[in-house]
Number of protein chains: 2
Amino acid sequence: MTLDDVARRAGVSTATVSRVLNDAPSVRPATRSRVLKAVTDLNYLPNEHARTLAGGRSRVLGLLVSNIENPFFLDIYHALEDAARTLAHEVVVASTGYVPEHLASSIQHMRARRLAGIAVIVSEIDADLAGQLVHSGMPTVFYDAPRLDRMPPNIAADYRTGMHRCVEYLRGLGHRRLAFVGHHTSLYPLNARQAHFVEIVAKARPALEYRIETSDDSPEGGRLATRALLASGFRPTAIVCVNDFMAIGVVRELLDQGLGVPRDVSVTGFDNIGLSSYTSPRLTTLDIPRARIGTTMCDLLVPEAPGHTGRPTDIVITPELIVRESTGVARS
Amino acid sequence: MTLDDVARRAGVSTATVSRVLNDAPSVRPATRSRVLKAVTDLNYLPNEHARTLAGGRSRVLGLLVSNIENPFFLDIYHALEDAARTLAHEVVVASTGYVPEHLASSIQHMRARRLAGIAVIVSEIDADLAGQLVHSGMPTVFYDAPRLDRMPPNIAADYRTGMHRCVEYLRGLGHRRLAFVGHHTSLYPLNARQAHFVEIVAKARPALEYRIETSDDSPEGGRLATRALLASGFRPTAIVCVNDFMAIGVVRELLDQGLGVPRDVSVTGFDNIGLSSYTSPRLTTLDIPRARIGTTMCDLLVPEAPGHTGRPTDIVITPELIVRESTGVARS
DNA sequence: CCACAGGATGTAAGGGCTTACAATCGGCCT
DNA sequence: AGGCCGATTGTAAGCCCTTACATCCTGTGG
């Protein structure tokens, strides 16, 4: 079934069929309906490849994330997809799993596919790849990317302020021995959240003791990091986690070692994923408005979007501290 | 940058460039490297649309799931993607959210994109849509689809046996008042797991009391269903959940209402998602080998796959009961 | 030294669609 | 009725690749 078949059946030219399929103006209603009938009669479905090849544009957005298993990314994906759907766009995701090679190859695929735009949320991206993306000509938007000279719109979270709120809150509860559980990120020298934790904790007075442990971005990673931490003999009264996903495993391991949360050890997460209020105890965390991030990305990428400004606006999000049950006063 | 540019730069014809790009045999090594050099010099990337249009085949698999937020589907996606990657294939997912309209439109998109094959795991699919898919000519594989006359390979789980094991286990612990928490599925008359629960419980002797409550496929859905259940005055000593994802919310609500798990109420899940051993208490559940499902789907779909037989083999998986901490003897 | 078999390339015809530009059409005016 | 104009529709040139088929080498055997 091709355009020609439809044209023949409707007794018009392929141009006309194409016009009604793309609802272009100036097609007489009678003609339009005749074509539409032929289309349904033949159960015709345009070939997307031919379409974008000829038209030069696709209606597909790409989303590049580090770890789709982490609900944080999944939520952004959802928001982006919903926003895209209202604009008749699709979105394809690629999860790099923090592996630079996967990142590079995913970028290749997306470029080869001439996507309408691409949203990038991978902490492991370096200036090189980011630059390559920007210069490829595709509309691009980054979330928390390393800053380049000539940058496209960037959505950033003020992790410094967020982390500051978290640490201050814990200090206020009397915690003086902290640990940070992070995840391995390949290229970005230090995970931004981790870097700010170190910076803030290091300059706190009276001085705070602290320790860092990293593992995979998963509950199991959180558990392993915690196990290593405790095995080292360091006894934090509070553990700050790079995100909720890992915090789930941190809490699990603590409980398994007979430590009460927050009785013996307080735990904080980051992101405020849905799951964080279903754990026992519920997680104290820092909220990041993921839906807003996804929607904004769509606005920035798609010209037809209602919120599209055209200007490469930078947007900054400040995490809010959400206190729940996993934190309490430090055990003396 | 097009094939022509590369050809011109390398001083060969486009046919030759195409040959080296698809590593066809019979290209002199010297020529090959000359072309390769031109490719990297020009930073050339073949246009996928032109490629599949001309070649008539794409190397992209489609995966259609009900709810990508549920780790059950996510795990299958991962397995499928890994398997596909080794065969130089990509996979794009579409999540229907149990909305039939989304299902239909996703199928359209996938057909329009002339995918290399499509894997379907949506409980809400009906014979009509399934048939349409099968007749579209694309290789298709279903997981737990309603049976059709002329069916493509189907992977099925023996939910009857699984549910039987679960109910027998609970009966053995003395439970006589059970509840089932399921999720809304639009078309499949009754969710298969739910149907088997009812069937098994109804014919148990001595008779069992039971009640069904459904909501969304999410922790929040589990919580709401449980709230409704308890509000109705029915006091189950055990709650069987359609899946782990919802069970998380069920446990949460129980705890919030001051009920101990499993002290006052036992809870079972289904799927054995990773998260199920990170909750407190850890969930007793029925394991479904998700990785195997994903891998098998790839084998069935891609001719080059190592496990590809060609024959439309039907595969049946039997869920294994995994006893953990969320179940115990019934409170007398 | 010549004819030949292959191997290595080039030629060109699509693949299914969009779209600039040309050709028609109908209706209005005077 | 003749002429003019905008609304419709058709024509055909691509978009960028793959591939069947034709052509041109090369080395080999005789």
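The sequence lines fix the lettering, A, B, ..., with proteins before strands; numbering per chain opens at 1. The structure presented is a predicted model; accordingly, all values stated were derived computationally and were not measured.
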### Query
Is there a donor-acceptor pair under 3.5 Å between the side chain of B/H49 and the backbone N or O of A/A50?
no
### Message
B/R59: which residues meet the side chain to side chain contact (heavy atoms under 4.5 Å, CB included) condition with it, sequence neighbours left out?
### Response
B/A88, B/H89
### Message
Side chains of A/L74 and A/I68, heavy atoms from C-beta outward: is any pair under 4.5 Å?
### Response
yes
### Query
What residues form a side chain to side chain contact (heavy atoms under 4.5 Å, CB included) with B/H102, not counting sequence neighbours?
A/R85, B/T96, B/V99
### Query
When the distance from OH of B/Y44 to P of D/dC16 is rounded to whole Å, what number comes out?
9 Å
### Task
Could you tell me which residues satisfy side chain to side chain contact (heavy atoms under 4.5 Å, CB included) with B/D75, sequence neighbours excluded, listed by chain and number?
A/E69, B/R290
### Task
Nearest whole angstrom, please: distance from the C1' of C/dG16 to the CZ of B/R111.
16 Å
### Task
For DNA chain C, produce a single dot-bracket line, 5' to 3'. Pairs: Watson-Crick or G-U wobble, both distances under 3.5 Å. Symbols: ( ) within strand, [ ] crossing, | other strand, . unpaired.
||||||||||||||||||||||||||||||
#### Entry: Nearest-Å distance for atom pair NE2/P, residues B/H49 and C/dG16
16 Å
### Query
side chain to side chain contact (heavy atoms under 4.5 Å, CB included) with A/N43: which residues, sequence neighbours excluded?
B/R111
### Task
May I ask you to evaluate whether A/R51 reaches the phosphate of C/dT18, defined as a side-chain N or O under 4.0 Å from OP1 or OP2?
yes
### Query
Nearest-Å distance, CZ (A/R28) to C1' (D/dT9)?
9 Å
### Task
Using a 4.5 Å cut-off on heavy atoms from C-beta on, say whether the side chain of A/I125 contacts that of A/F142.
yes
### Query
With a 4.0 Å cut-off on heavy atoms, is B/R57 in touch with a base, just the backbone sugar-phosphate, or nothing at all?
sugar-phosphate
### Whole angstrom value for the distance that separates P of D/dC16 from CZ of A/R114
8 Å
### Message
Side chains of A/L63 and A/V65, heavy atoms from C-beta outward: is any pair under 4.5 Å?
### Response
yes
### Query
Hey, are the side chains of B/I315 and B/T296 touching, using non-hydrogen atoms and a 4.5 Å cut-off?
yes
### Task
Whole angstrom is fine here: how far is it from CG in A/L42 over to P in C/dG16?
14 Å
### Task
For A/M1 and C/dG15, give me the distance from atom CE to atom P, rounded to whole Å.
14 Å
### Query
When we call it a touch if two heavy atoms are under 4.0 Å apart, what does A/G56 touch: a base, just sugar-phosphate, or nothing?
nothing
## Note on the structure
Sorted by position of nearest nucleotide on DNA chain C, 5' first, the leading residue of A/G55 and B/S26 is B/S26
### Task
Calculate the interatomic distance between B/L53 atom CG and C/dT18 atom P; express it in whole Å.
12 Å
### Those residues of residues 11-25 of chain A lying under 4.0 Å from DNA chain C by at least one heavy atom
A/A15, A/S18, A/R19, A/N22
### Task
Classify the nucleic acid contact of B/T31 as base, sugar-phosphate or nothing, counting any heavy atom under 4.0 Å across all strands shown.
sugar-phosphate
